[in-house]
Amino acid sequence: MSKTTTFVTQPSLPPLEEFIPYLEKIWENKVLTNCGPFHQQLEEALCRYLGVEHIALFTNGTIALVTALQSLRVTGEVITTPYSFVATSHSLLWNGIKPVFVDIEPDTLNIDSQKIEAAITPQTTAILAVHCYGHPCNVDAIQKIADTYNLKVIYDAAHAFGVKCHCGSVLNHGDLSVLSFHATKVFNTFEGGAIICPDAESKARIDQLKNFGHAGEINVVAPGINGKLSEFNAALGLLQLEYIDEAIAKRKTIDETYRRRLSEVTGIQCLQDSGELVANYAYFPVLVDDSYALSRDALYDHLKTKGIHPRRYFYPLISEFPMYRGLPSSNPERLPLALNAASQVLCLPIYPDLSMDTVETTCRLIAGFR
Ligand SMILES: Cc1ncc(COP(=O)(O)O)c(C=O)c1O
């Protein structure tokens with residue numbers, strides 16, 4: 001095994017020389033931001049690639065989440081999952097909204113749609129669900145509940161770039177879906193994000209909100225934020241798109257190898273997909289259960305001593321952080337499956353340039369304790 005450290009992910013970058021002409025163009029026309037030509041081109045290219053009608057680019061996924069909630073005028077209480085990256089529920093706090101955590105499904109680790117109804121109160125205005133690891137939520141069941149109780153649905157689709165379910169892009173579900181183009185994501189623009197909008201009107205409102213609430217040169221119609229993606233990031237996104245299929249194909253090969261090599265290891269359970277027709281292989285989570293020879297944390301420590309740095313995504317649960325733990329819905333008794341997953345999960349390294357030798361070594365190390 002090489003002595004280098006292998007992290008859970010490594011950003012994909014296109015050949016540097018191919019980015020230079022984009023930079024020359026920016027230097028030439030001196031448009032650096034404010035929805036310039038590359039921003040416009042990336043919105044069009046992403047709509048084509050993702051199979052969506054309208055997209056609004058953002059400086060990152062977190063500001064996009066905060067803005068998505070504002071654009072739908074969500075208030076009061078929002079039902080969400082404790083099993084996610086903390087930005088999901090932080091976006092609620094930034095809007096003065098109370099998160100109401102609901103437990104997850106044991107197989108997909110997504111919010112359990114069957115437990116949502118019991119958490120609805122007269123203050124509930126929306127559901128903020130996460131397609132965790134890029135595996136689609138039960139979108140039909142969630143929409144049915146939303147329709148029955150007149151709730152908005154926002155999907156945190158930070159992990160779900162390019163994922164397709166039974167009826168096309170998973171991003172077309174709910175009222176809005178939010179993507180992240182952070183360095184660690186399947187598609188990155190260094191930092192970046194987007195909101196998928198169902199129609200031109202909602203995109204226009206979101207575009208105002210991400211630009212200080214400006215509606216024309218001298219009109220400000222809302223207390224908006226600065227959420228714009230710069231021309232540098234947009235240009236990079238255009239180039240990244242040329243390599244995205246190749247990158248996802250390489251991830252797929254790694255995913256298949258892990259599954260093949262770990263399938264026989266007692267106590268290691270590979271997470272299955274949730275029926276998506278096109279997956280993106282964003283993460284490779286395994287659950288380390290009691291029948292494995294080591295605890296999850298002991299395996300985590302052992303791999304690190306060998307230069308393999310997996311991550312315990314998502315441990316701790318969001319509901320365990322100080323700003324959330326006092327909420328009634330954070331009571332551990334209400335979240336047994338989420339707590340169990342958080343105590344067992346280990347995300348193994350997966351990224352396009354990860355060598356198959358390292359994948360094999362990781363599998364050998366894990367299998368060595370069977
Ligand atoms: C589920 C989830 N939601 C939101 C975010 C926030 O995205 P960003 O880092 O682009 O702000 C991330 C990752 O960073 C994430 O994993």
Side-chain angles (χ1 to χ4, degrees), residues 7-12 42 46 55-70 78-95 97 99 101-102 104 108-111 126-137 153-163 170-171 173-174 176-196 206 210 225-230 232-234 236-237 240 271 274 280-285 310-319 321 324 338 341-342 345 347 350-351:
F7 294 102
V8 72
T9 191
Q10 178 181 284
S12 300
L42 183 60
L46 283 173
I55 191 167
L57 297 178
F58 272 79
T59 185
N60 61 55
T62 306
I63 295 289
L65 277 170
V66 170
T67 308
L69 292 159
Q70 290 205 353
V78 169
I79 293 173
T80 190
T81 171
Y83 192 83
S84 181
F85 182 61
V86 74
T88 307
S89 45
H90 276 2
S91 70
L92 298 172
L93 295 194
W94 272 79
N95 278 301
I97 295 165
F101 297 113
V102 160
I104 59 172
T108 65
L109 311 188
N110 285 330
I111 192 167
I127 301 165
L128 173 57
V130 180
H131 300 303
C132 195
Y133 308 126
H135 300 312
C137 293
V153 180
I154 299 109
Y155 283 107
D156 179 339
H159 302 173
F161 187 90
V163 171
V170 74
L171 306 172
H173 289 280
L176 297 172
S177 290
V178 175
L179 288 167
S180 165
F181 304 151
H182 183 254
T184 54
K185 299 295 187 281
V186 166
F187 172 81
N188 88 75
T189 56
F190 288 14
E191 291 270 6
I195 302 180
I196 311 302
I206 287 165
K210 79 174 189 194
I225 193 123
N226 182 358
K228 293 172 271 110
L229 189 76
S230 84
F232 179 93
N233 303 97
L236 183 68
Q240 294 282 46
L271 210 74
S274 57
N280 67 7
Y281 313 97
Y283 297 84
F284 197 85
R311 288 295 298 267
R312 291 167 289 184
Y313 296 142
F314 289 100
Y315 162 82
L317 294 181
I318 296 176
S319 50
F321 291 125
Y324 298 102
V345 74
C347 283
I350 186 164
Y351 52 88

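Atoms within a ligand are numbered from 1 in the order they appear, just like the ligands themselves.
With sequence neighbours excluded, the residues that form a side-chain contact (heavy atoms from CB on, under 4.5 Å) with His159 are Lys185, Tyr283, Phe314.
When each atom of ligand 1 is checked for a heavy atom of Ala87 under 4.0 Å away, the hits are 4 (C), 5 (C), 6 (C). Counting atoms of ligand 1 from 1 in the listed order, those under 4.0 Å from a heavy atom of Gly192 are 10 (O). Residue Ser84 approaches ligand 1 through these ligand atoms, each under 4.0 Å from one of its heavy atoms: 1 (C). Residue Ala158 approaches ligand 1 through these ligand atoms, each under 4.0 Å from one of its heavy atoms: 1 (C), 2 (C), 3 (N), 4 (C), 12 (C), 15 (C).
Side-chain atoms of Asn188 come within 3.5 Å of backbone atoms of Ser12 as a donor-acceptor pair (strictly under, hydrogens ignored). The main-chain N or O of Ala157 is never found under 3.5 Å from a side-chain atom of His131 such that the two would form a donor-acceptor pair. With hydrogens and angles disregarded, no donor-acceptor distance shorter than 3.5 Å links the side chain of Asn233 to the backbone of Gly192.
Aromatic ring pairs are classed by plane angle as parallel below 30°, tilted from 30° to 60° and perpendicular above 60°; the pair His90 and Tyr324 is parallel.
Among all non-hydrogen protein atoms, the one lying nearest atom 12 (C) of ligand 1 is Phe85 CD2, 3.5 Å. The single protein non-hydrogen atom nearest to atom 3 (N) of ligand 1 is Asp156 OD2, 2.6 Å, given as residue, atom name and distance.
The N/O atoms of Glu191, backbone and side chain alike, include none that comes under 3.5 Å of an N/O atom in ligand 1. The shortest N or O to N or O distance between Tyr283 and ligand 1 is not under 3.5 Å. Annotation: Leu65 places no N or O atom under 3.5 Å from an N or O atom of ligand 1; distance criterion only.
Taking the ring centroids of Phe232 and Phe190, they lie under the 6.0 Å cut-off.
Side-chain N/O atoms of Gln70 and Asn95 include a donor and acceptor closer than 3.5 Å. Defined by atom type and a distance below 3.5 Å, a donor-acceptor pair is missing between the side-chain atoms of His182 and Ser180.
Residue contacts with ligand 1 for Thr62 involve both N, CA, C or O and side-chain atoms from C-beta outward (heavy atoms, distance under 4.0 Å). Under 4.0 angstrom from ligand 1, the non-hydrogen atoms of Lys185 all belong to its side chain.
Residue nearest to atom 16 (O) of ligand 1, selected from His182, His159, His90: His159 (by heavy-atom distance).
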